Amino acid sequence: MFYLGVDLGGTTIKAGLVNEQYKIIDHAVCDTKRERLPSEILKDMAMLCQKLLERNGPTEKDIRSIGIGCPGKASPRDGMIYTTSNLTNFDNVNVREEIQRYMNVD
């Protein structure tokens with residue numbers, strides 16, 4: 001079983017693939033371009049995660065969960081980011097729903 005962790009920053013998006021021993025197996029980074037629509041930023045997040053899976057062999061079925069960190073107010077239970085202090089137009093965004101457009105991971 002593996003985990004994906006994503007840091008949604010105002011400058012960069014960083015993603016890491018982590019094993020069951022919580023060791024980082026690989027990581028990837030891209031620019032956030034914070035003025036874009038949330039759907040575009042979240043697509044980049046999903047593509048970074050896909051890139052890590054492709055480079056390292058696990059499939060979506062091997063991923064137990066995706067954790068996303070960002071400054072602001074969020075609800076992991078609901079999969080929502082309500083406000084952010086570092087992104088433009090990123091209020092009341094259903095992150096879970098948007099990421100699941102590209103990845104079949106709860």
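From a predicted model like this one, the values you see are computed outputs, not experimental measurements.
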Looking at side-chain heavy atoms only, is the closest gap between [X] and [Y] below 4.5 Å?
X: Ile13; Y: Val6; answer: yes
X: Pro38; Y: Glu98; answer: no
X: Ile63; Y: Leu53; answer: yes

Straight-line distance of [X] [atom1] to [Y] [atom2], nearest 0.5 Å:
X: Asp31; Y: Ile41; atom1: CG; atom2: CD1; answer: 11.5 Å
X: Ile25; Y: Gln21; atom1: CD1; atom2: CD; answer: 8.0 Å
X: Met1; Y: Asn19; atom1: CE; atom2: CG; answer: 12.5 Å
X: Leu4; Y: Arg64; atom1: CG; atom2: CZ; answer: 13.5 Å
X: Ile81; Y: Asn94; atom1: CD1; atom2: CG; answer: 10.0 Å

Could you tell me which residues satisfy salt bridge (charged side-chain N to carboxylate O under 4.0 Å, His left out) with Arg34, sequence neighbours excluded, listed by chain and number? none
Can you list everything that forms a salt bridge (charged side-chain N to carboxylate O under 4.0 Å, His left out) with Asp62? Sequence neighbours excluded, please.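 Counting only residues at least two positions away or on another chain, Asp62 forms no salt bridge (charged side-chain N to carboxylate O under 4.0 Å, His left out).
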Report all side-chain donor-acceptor pairs from residues 42-52 shorter than 3.5 Å, counting only partners two or more places apart or in another chain.
{"unit_1": "Asp44", "atom_1": "OD2", "unit_2": "Arg36", "atom_2": "NH1", "d": "3.0"}
{"unit_1": "Asp44", "atom_1": "OD2", "unit_2": "Arg36", "atom_2": "NH2", "d": "2.8"}
{"unit_1": "Gln50", "atom_1": "NE2", "unit_2": "Glu60", "atom_2": "OE2", "d": "2.6"}
{"unit_1": "Gln50", "atom_1": "NE2", "unit_2": "Tyr102", "atom_2": "O", "d": "3.3"}

Output every pair passing salt bridge (charged side-chain N to carboxylate O under 4.0 Å, His left out) with a member in residues 73-86, not counting sequence neighbours, ordered by first then second residue. none
Sorted by first residue and then second, give each salt bridge (charged side-chain N to carboxylate O under 4.0 Å, His left out) pair with at least one member in residues 1-26; sequence neighbours left out. Asp26-Arg55
With ILVMFWY side chains joined below 4.5 Å, transitively, what does Met80's cluster contain besides itself? Tyr82
In the hydrophobic clustering (ILVMFWY, side-chain contacts below 4.5 Å, transitive), which residues join Val18, or is it alone? Tyr3, Tyr22, Ile24
Using side-chain contact (heavy atoms from CB on, under 4.5 Å) as the criterion, list what pairs up with Pro71, not counting sequence neighbours.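 side-chain contact (heavy atoms from CB on, under 4.5 Å) list for Pro71, sorted by chain: Ser85, Asn86.
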Please determine whether side chain to side chain contact (heavy atoms under 4.5 Å, CB included) holds for the pair Asn89 and Leu37, giving the CA-CA distance in whole Å, both sets of side-chain angles, and the decisive distance to 0.1 Å. CA-CA 7 Å; Asn89 302 317; Leu37 294 172; 5.9 Å; no
N/O donor-acceptor pair under 3.5 Å between Thr32 side chain and Thr12 backbone: yes
